[in-house]
Protein chains: 2
Amino acid sequence: MKAPQDVFAEYLANENLKMTPQRRIILDTLLKQDDHLSSEELYARVKKRDGSIGQATVYRTLKLLSDSGLVEPLDFADGVTRYETSYGKDHHDHLICERCGKNIEIVDETIERRQEQLAKEHGFTLLRHKMYLYGICPDCRKK
Amino acid sequence: MKAPQDVFAEYLANENLKMTPQRRIILDTLLKQDDHLSSEELYARVKKRDGSIGQATVYRTLKLLSDSGLVEPLDFADGVTRYETSYGKDHHDHLICERCGKNIEIVDETIERRQEQLAKEHGFTLLRHKMYLYGICPDCRKK
DNA sequence: GTAATTGCAAATTATTTGCATTGCC
DNA sequence: GGCAATGCAAATAATTTGCAATTAC
């Protein structure tokens, strides 16, 4: 499998865009600290490595990374978009604790199949989906 | 089944809040035109009935309606929160066309059961979930 | 060389809040 | 009558954009 950096470089070349040190650092930082970072949080980490990089560049690069398919925007219901690297990883959904924010990645073949099936029944070609389960985790329930 | 207006009135009384003409109009407008309105769109419609109602009141009332469980905020990935009335309606998920925005409401018992099951396996108490399927609808595919 | 990229600051968008006034219960 | 609600305008918060200077290819 190609390295994500190479995939990104190829994507950029294809679109007549350029690889820059800033873009390299941003992708690299995101790959390293692969939680579910917001643009803001990523910006903070990126600035530690190169203080001269601006917020706007982080936003712009995240959009490119999304378009290239390397990174996926997540949409928990709290007003901030978070990002995770999706390249080379299996698709998964999220099980989120409403109290503490704990976030567990889940996959279920039964559900995935039914989704395909449902889309088909309506004549749709399914491209992707998002599923978020919200509940209370065991730790929080005990308290 | 109680009328939504009555449910809302009861909710307000319970919380020591007050029913007002503005709140009545806002709920009524939302019930009538029950697409997936954004706060902005709802505000526009509400203003036709009473030009003196302010945006803030619409936002504030939508929050109350969400808290009361009458209305559900939706989160398609376009930066605007939309709302639908959920009272007295079965829960459903959404199948969305990425080209034309067509939005079909779907439910699937198999999926609902598996979701419960999955949450349980991780020790979570499931409160709610969101599932969005994104694809291309038959009409758009033909073009 | 030239078009894309950058950082900055100002602009936008969606939503929230402070406050003086008004109006339910 | 008293506390909640309203409308307005100003404040936030997240993200986008215009622009002059810089840089990758």
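A, B, ... follow the sequence lines: proteins, then strands. Residue 1 opens every chain.
Of all heavy-atom pairs between A:Pro138 and B:His122, the closest is CG-O, 3.5 Å. Across all their heavy atoms, A:Ile26 and A:Thr61 have their closest contact at CD1-OG1, 3.5 Å. A:Cys140 and A:Ile136 get closest at one heavy-atom pair: CB-CG2, 3.8 Å. Annotation for A:Thr57 and A:Ile53: closest pair CB-CG2, 4.3 Å, computed over non-hydrogen atoms. Contact between A:Gly54 and A:Tyr43 at its shortest, heavy atoms only, is C-CE1, 3.6 Å. A:Ser66 and A:Tyr83 get closest at one heavy-atom pair: OG-CE2, 4.0 Å.
Both A:Val58 and A:Tyr11 belong to a single network of hydrophobic side chains, linked directly or stepwise wherever heavy atoms of I, L, V, M, F, W or Y lie under 4.5 Å apart. Cluster membership check: A:Leu74 does not share its hydrophobic cluster with A:Ile104, using side-chain heavy-atom separations under 4.5 Å among Ile, Leu, Val, Met, Phe, Trp and Tyr. Linking ILVMFWY side-chain heavy atoms closer than 4.5 Å, directly or via other members, places B:Phe8 and B:Tyr87 in a single hydrophobic cluster.
Taking a 6.0 Å sphere around CG of B:Asp6, one finds it holds more than 12 heavy atoms contributed by other residues, nucleotides or ligands.
Classified by interplanar angle (parallel below 30°, tilted 30° to 60°, perpendicular above 60°), the ring pair B:His94/B:His36 is perpendicular.
Heavy-atom distances under 4.0 Å link DNA chain D to B:Asn16 of residues 9-16 of chain B, given in residue order. Of the residues in residues 55-73 of chain B, B:Ala56, B:Thr57, B:Arg60 come within less than 4.0 Å of DNA chain D through at least one heavy atom, sorted by number.
Comparing the start and finish of the helix from C:dG1-D:dC25 to C:dC25-D:dG1, five pairs each, the helix axis swings through 40°, to the nearest 10 degrees.
Atom NZ in B:Lys102 sits 3.5 Å away from atom CG in B:Asp139 (nearest 0.5 Å). Within the model, atoms CG of B:Leu30 and CG of B:Leu62 stand 6.5 Å from one another, a figure rounded to the nearest 0.5 Å.
Separating the CG atom of A:Leu74 from the P atom of D:dA14 is a distance of 17 Å, rounded to the nearest angstrom.
Residue contacts shown for B:Thr81 are limited to sugar-phosphate atoms, with no base heavy atom under 4.0 Å away.
With A:Ser86 contributing its side chain and A:Gly69 its backbone, the two residues share a donor-acceptor pair below 3.5 Å.
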How does protein contact run along nucleotides 20-25 of chain D, one letter per nucleotide 5' to 3', with B for base contact, S for sugar-phosphate only, - for none, heavy atoms under 4.0 Å?
-> ----BS

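For residues 38-57 of chain B, the set of pairs meeting the salt bridge (charged side-chain N to carboxylate O under 4.0 Å, His left out) definition, not counting sequence neighbours, comprises B:Asp28-B:Arg49, B:Glu41-B:Arg82.
Contacts between chain A and DNA chain C, taken as any atom within less than 4.0 angstrom of a protein heavy atom, begin and end at C:dA3 to C:dC8.
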